[in-house]
Amino acid sequence: MPPAPPFRAPSGTHDVLPPESARWELLVSRFADLAHRAGFGLVVGPLFEDVGVFQRLGEGTDVVRKEMYVFEDRGGRPLALRPEGTASVVRAFVQHRPTTPWKVWYAAPSFRYERPQAGRYRQHHQLGVEVLGSDDPDVDVDVIALAHDLYRSLGLRQVTLALNSIGDRACRPDYVDLLGTYLHERTEQLCGEHRQRAGEQPLRVLDCKRPECRHATDAAPRMLDHLCGACAAHFERVREGLDALEIAYQLESRLVRGFDYYTRTTFEFTATALAGAQNAVGGGGRYDGLVEQLGGPPTPAIGFGIGIERVLLACDAEAVLTPPAAGVDVWVVDATGGAEARDLSWSLRRAGVAADRGFDERSMRAQMKLADRSGASLALIVGPEERARGTVSLRQLRGDGAQQVVARDDVVARVKELLA
RNA sequence: GUGGCCGUAGCUCAGCCUGGUUAGAGCGCCGCGUUGUGGUCGCGGAUGUCGGGGGUUCGAAUCCCCUCGGUCACCCCA
């Protein structure tokens, strides 16, 4: 190694560089299109918030308990880098009180102090939407369909949707009691960790992947069988909507998800093509109580987050979303010192043509190599001869290399013709 | 936070087990063949404190210890 670089990206973070970053751009713009088409507006907010904003997410969530980047600014204010997107959006809603339903989307980083591994980073990026102010089941359908259509538009085929309802404050407490009793009678069958923690978080035991818990909860009472009338009706309408839009899903009574704030509808998208352990590519749910917890009026809401890095991994696994050919259409080669390249490239750019050039007065041979490697389809060549005559040689780089001489004043128009 | 695996050129890696001449290959990069022309081909070139520190030895990329970094998995999630 050369003298080891004194600095590198912090553990769990990564640089996204060209040409790979072209896929990133494409993914975000694809999502932005879908969101706009569905009537969502962009929300951009702070990367850090008062730590209290996230603590309200619930003490039961690992993300809040042990994974937050917390710090004090110079004024001694307790802050935290945001570990997820929803809380910030809810805080903004409570602060500004926009008219409802408020439909917003975002593309933003999240920070969690975890041990990095494939598909899991300390800074990762999420695409998300939130709808605040409506408990219409069709909103649930809209939100789920948006995520579904994003995966589909990318060409992903091996993404499955798991769906559940975890009830609301009317019916969940009774169910949790019921489940707690069931688990209590079988404590000995649970895995080591849940043998101790089952009492405080009965729902989490359902989500445990260890075989012991898995087996012990196979016959456990299911939330879906104990929804109150309102929740059951809501869920039924959500299912009708998904069916009508031909969005396939599997009922997954174990799906509780990591945040305490969820109510009623919860869902998760899994990329089955991903070999690694981290194959959840998106998830979300309804959070009808969160706005109140953050000091706002009672406001039903729902949203999702989609992990950009994981979606791209899934795209790799399915060999879709191939990087668009990046680069310019025209390369300007100047063997007279560079001033011609400067002027020509800007004439083209100002006329809307993507053009680039080499620097440092390199040989024509070297410049032609750059032109070739750039992927440009045309090379504009200016040597002493062209300059003296006020012309430009225009060479096709793809195909036979046909070359023509064009008057300097006609170059931009001619280039546009050839590229059309 | 716990555990497995891996650190040799910009990248992918060989060499390590069985210590011994100036540490290699492919790709990439730069130059030349072609003082006005890329893609093919040929020739030439640059870049390594062999992750770092310590130890064993006449001698360490190679053996031992520590450390740092990466990676994968658990937990949990996007």
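All values below come from the heavy atoms of this structure, side chains included, with hydrogens, waters and symmetry mates left out. Values in this document were obtained by computation on a predicted structure and should not be read as measured data. Reminder, nothing fancy here: chain letters follow the sequence lines and each chain counts from 1.
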Carefully, step by step, assess D149(A) and R152(A) under the rule salt bridge (Lys or Arg N to Asp or Glu O under 4.0 Å). CA-CA 5 Å; D149(A) 276 26; R152(A) 197 178 61 177; 3.6 Å; yes
Is D329(A) paired with K416(A) through a side-chain N to carboxylate O contact shorter than 4.0 Å? no
Would you say T160(A) and Q250(A) are linked by a side-chain donor-acceptor pair, where the criterion is simply a distance under 3.5 Å? no
Distance between P atoms of A61(B) and G24(B) (Å, rounded): 14 Å
Check: E386(A)/S393(A) side-chain N/O donor and acceptor closer than 3.5 Å: yes
Inspect the contact between D288(A) and R286(A) and indicate whether a charged nitrogen and a carboxylate oxygen are less than 4.0 angstrom apart. yes
Which part of the nucleic acid does R387(A) contact within heavy-atom distance under 4.0 Å: base, sugar-phosphate only, or nothing? nothing
Taking the P atom of each, how far is U56(B) from C74(B), in whole Å? 42 Å
Contact state string [nucleotides 35-40 of chain B, B base, S sugar-phosphate only, - no protein heavy atom under 4.0 Å]: -BBBB-
Say you pick atom P in G7(B) and the same atom in U12(B); how far apart are they, in whole Å? 12 Å
Donor-acceptor check, side chain of R56(A) to backbone of Q293(A), threshold 3.5 angstrom: yes or no? yes
Taking OH from Y113(A) and C1' from U2(B), how many angstroms apart are they, rounded to a whole number? 14 Å
Taking atom types as modelled and ignoring hydrogens, do the side chains of D140(A) and H234(A) form a donor-acceptor contact shorter than 3.5 angstrom? yes
For atom P, what is the distance between U8(B) and A14(B), given to the nearest Å? 10 Å
Any strand counts, and the cut-off is 3.5 Å on both contacts for Watson-Crick or G-U wobble. Which nucleotide pairs with C17(B)? none
Carboxylate-amine/guanidinium proximity below 4.0 Å for E340(A) and R408(A): yes
Rounded distance in Å between the P positions of U35(B) and C27(B): 26 Å
Between C11(B) and C50(B), how far apart are the two P atoms, rounded to whole Å? 16 Å
To the nearest Å, how far apart are H14(A) NE2 and U71(B) P? 11 Å
Gap between atoms CD and P, on Q367(A) and C32(B) respectively (whole Å): 12 Å
W102(A) side chain reached by V89(A) side chain, heavy atoms, under 4.5 Å: yes
Roughly how far apart, to the nearest Å, are G26(B) and G44(B) at atom P? 12 Å
Value in whole Å for how far the P atom of C29(B) lies from CZ of R362(A): 10 Å
Take atom P in G51(B) and the same atom in C13(B), then report the distance between them in whole Å. 15 Å
Under the salt bridge (Lys or Arg N to Asp or Glu O under 4.0 Å) test against D356(A), which residue among R373(A), R349(A), R342(A) passes? R349(A)
Within the 4.0 Å heavy-atom criterion, would you say S110(A) contacts the bases, only the backbone, or no part of the nucleic acid? nothing
Each nucleotide of nucleotides 73-78 of chain B classed B (base within 4.0 Å of a protein heavy atom), S (only sugar-phosphate) or -, in 5' to 3' order, makes BBBBBB
